[in-house]
Protein chains: 2
Amino acid sequence: MLELRLVQGSLLKKVLEAIRELVTDANFDCSGTGFSLQAMDSSHVALVALLLRSEGFEHYRCDRNLSMGMNLNNVSKMLRCAGNDDIVTIKADDGSDTVTFMFESPSQWNLSHSVFFFLCLFVEWLSFLRKGQDKIADFEMKLMDIDSEHLGIPEAEYHAIVRMPSSEFARICKDLSSIGDTVVISVTKEGVKFSTKGDIGTANIVCRQNTTVDKPEEATIIEMKEPVTLTFALRYMNSFTKATPLSSTVSLSLSSELPIVVEYKIAEMGYIRFYLAPKIEDEEEDVKPQV
Amino acid sequence: MLELRLVQGSLLKKVLEAIRELVTDANFDCSGTGFSLQAMDSSHVALVALLLRSEGFEHYRCDRNLSMGMNLNNVSKMLRCAGNDDIVTIKADDGSDTVTFMFESPSQWNLSHSVFFFLCLFVEWLSFLRKGQDKIADFEMKLMDIDSEHLGIPEAEYHAIVRMPSSEFARICKDLSSIGDTVVISVTKEGVKFSTKGDIGTANIVCRQNTTVDKPEEATIIEMKEPVTLTFALRYMNSFTKATPLSSTVSLSLSSELPIVVEYKIAEMGYIRFYLAPKIEDEEEDVKPQV
DNA sequence: AATTTTTCAC
DNA sequence: GTGAAAAATT
């Protein structure tokens with residue numbers, strides 16, 4: 001039997017919005033460790049790895065390892081029926097070919113946004129006292145059989161790791177894709193440079209290391225062992241940035257010839273990591289990306 | 001060599017959004033006086049004139065007069081990659097067939113919107129002290145050869161000049177175009193009347209002079225030497241109102257048989273002016289507009 | 001799921 | 001000024 005209770009249900013909604021553009025069907029794997037997913041995108045070029053550790057759940061019961069194949073668009077449809085403040089419970093019986101998502105709405109309180117913070121805390125405390133909720137919904141979904149090719153992802157030493165605000169990374173990818181199709185990411189001790197070239201011209205965006213900001217999540221930090229320059233398809237990068245709502249920072253891990261790792265940490269729980277193989281620099285422009 | 005540095009980069013973004021619907025390709029002319037553009041719209045009916053005086057730039061260097069032909073949609077694409085708070089620099093080397101737009105993001109400061117104004121000023125002063133920025137982007141674009149027919153626009157005496165809130169003018173043009181295709185603008189000592197006629201009926205909007213408002217930009221001021229009534233195609237008027245974000249007020253200058261001048265002043269820098277010839281009132285409805 | 005911008009009908 | 005349907009964003 002499986003029963004996972006996640007107080008912050010909006011997190012699950014964000015996770016699905018982050019993945020569903022890239023992957024249509026995937027297996028969710030449950031074990032004592034946590035709730036995880038690993039899948040290639042439909043064109044077999046990018047890889048997504050999700051981990052939500054069991055400790056991050058309010059309640060986590062997983063009697064034995066379970067792999068549940070789901071259509072992510074359908075999961076997303078159901079999750080969109082959950083309010084952002086809902087508590088989400090995922091349930092599956094042993095041997096069952098269905099999974100159930102349960103959403104408990106917290107009681108409606110007539111609060112404007114300008115209410116004081118302590119009042120919010122008070123209200124949250126009240127809602128713990130309440131025995132029930134105004135609304136409880138459950139959605140049951142058929143599971144599917146999906147061939148999973150669970151790749152062991154080797155731990156690699158990266159030449160460079162860049163951490164920057166996730167919104168800034170998203171903005172850069174979006175801006176560059178209005179000029180070109182690919183981005184050249186180049187890390188030197190000067191900083192990290194994102195470049196592209198297209199019919200109407202060229203673009204270069206340089207971000208310098210900057211740790212002198214008020215909030216740590218606004219910092220740009222570059223750990224570089226060796227300079228590295230790699231080229232990637234912007235189309236995938238833009239898909240990855242769908243995970244921006246999950247974390248205020250993103251990290252890019254780069255090594256020559258290795259796939260880039262674009263990681264969004266999920267507070268208290270784990271991460272989403274996207275892997276994308278670099279384009280092979282060649283005389284020809286239209287080289288098909290290799291995995 | 002050309003190097004123009006504009007602290008308020010969003011202004012340039014707005015200028016391009018204001019023009020690009022009307023004009024696809026145009027020459028930007030740089031001289032000691034400033035940065036200017038003059039172009040007919042693609043159907044050769046309306047004329048746009050832009051002036052950004054050199055004094056409005058933080059730094060203005062223009063060694064010799066330069067006319068740079070650009071596709072405004074491409075310029076706009078690049079400018080959309082600039083943040084609204086970015087400092088924009090336009091660069092061109094002598095004899096080069098490219099132009100470079102450089103965007104410097106101000107450093108991230110932890111400021112909420114509710115911060116006091118003087119604190120903003122302080123922060124702006126601080127950012128001048130900083131040697132560099134977190135993010136610097138540069139976009140290079142090929143220039144084009146464009147036949148420019150730089151018309152001398154004669155200074156005219158206008159029978160009437162109406163100044164009103166630009167948003168109000170935009171609203172009137174939009175509303176009237178849901179009823180008819182043309183607007184009759186009629187200035188008398190009563191005020192200014194915008195009228196249209198269509199299949200479903202007629203509409204008249206009268207704005208009376210009103211200077212007794214709290215803010216001067218909310219005033220409607222009519223300077224009239226002589227009553228005047230002219231007819232214009234609403235389609236162009238609606239294009240002109242794309243410049244609304246540039247100024248809180250607009251002025252309409254009218255004389256019989258002369259093109260109307262719709263002017264948006266650009267604070268501290270200059271203006272955008274749109275010229276549109278009146279439709280000749282005739283028994284026939286479908287008279288082609290004359291320039 | 002594909003491409004670009006805004007609104008309604010000829 | 002051209003064209004088909006609804007809405008925004010890449």
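Per chain, numbering begins at 1; letters A, B, ... match sequence-line order. In this text the structure is predicted, and so the values were computed from the model without any measurement.
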Engineer: Mark yes or no for whether S177(B), through its side chain, and C173(B), through its backbone, hold a donor-acceptor pair below 3.5 Å.
Structural biologist: yes
Engineer: Taking the six-membered ring for Trp and the single ring otherwise, decide whether the centroids of F274(B) and Y236(B) are under 6.0 Å apart.
Structural biologist: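 No, they do not, as the ring centres are separated by 6.0 Å or more.
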Engineer: How close or far is atom C1' of dT6(C) from atom CD of E21(B), stated in whole angstroms?
Structural biologist: 9 Å
Engineer: Could you state the NZ-C1' distance from K242(B) to dT7(C), rounded to the nearest angstrom?
Structural biologist: 11 Å
Engineer: Starting at atom CG of N73(B), determine the distance to atom C1' of dT4(C), rounded to an integer number of angstrom.
Structural biologist: 11 Å
Engineer: For R171(B), I'd like to know if atom CZ has over 12 heavy atoms of other residues, nucleotides or ligands within 6.0 Å.
Structural biologist: no
Engineer: Under 3.5 Å, which N/O atoms of the protein pair with N/O atoms of nucleotides 5-10 of chain D?
Structural biologist:
{"unit_1": "dT10(D)", "atom_1": "OP1", "unit_2": "K174(A)", "atom_2": "NZ", "d": "3.2"}

Engineer: By the definition side chain to side chain contact (heavy atoms under 4.5 Å, CB included), identify the one residue from T182(A), I260(A), L176(A) that meets it with M237(A).
Structural biologist: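 By the side chain to side chain contact (heavy atoms under 4.5 Å, CB included) criterion, M237(A) pairs with just one of T182(A), I260(A), L176(A): I260(A).
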Engineer: Separation of D175(B) atom CG from dC8(C) atom C1', in whole Å?
Structural biologist: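 Rounded to the whole Å, the gap is 15 Å.
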Engineer: Aromatic ring centroids of F240(A) and F169(A) under 6.0 Å?
Structural biologist: no
Engineer: Mind checking whether F35(A) and F28(A) have parallel, tilted or perpendicular rings, split at 30° and 60°?
Structural biologist: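 F35(A) and F28(A): parallel rings.
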Engineer: Whole Å only: how far is the CG atom of D181(B) from the P atom of dC8(C)?
Structural biologist: 15 Å
Engineer: Of all the heavy-atom pairs spanning L22(A) and S239(A), show the shortest one and how long it is.
Structural biologist: CD1-CB, 3.5 Å
Engineer: Whole Å only: how far is the CG atom of L234(A) from the C1' atom of dA2(C)?
Structural biologist: 17 Å
Engineer: Which dot-bracket string describes DNA chain C (Watson-Crick N1-N3 plus N6-O4 or O6-N4, or G-U N1-O2 and O6-N3, all under 3.5 Å; [ ] crossing; | other strand)?
Structural biologist: ..........
Engineer: Testing the basics here: between M144(B) and M70(B), what is the closest heavy-atom pair and its distance to 0.1 Å?
Structural biologist: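 Shortest heavy-atom separation between M144(B) and M70(B) comes out as SD-C, 3.7 Å.
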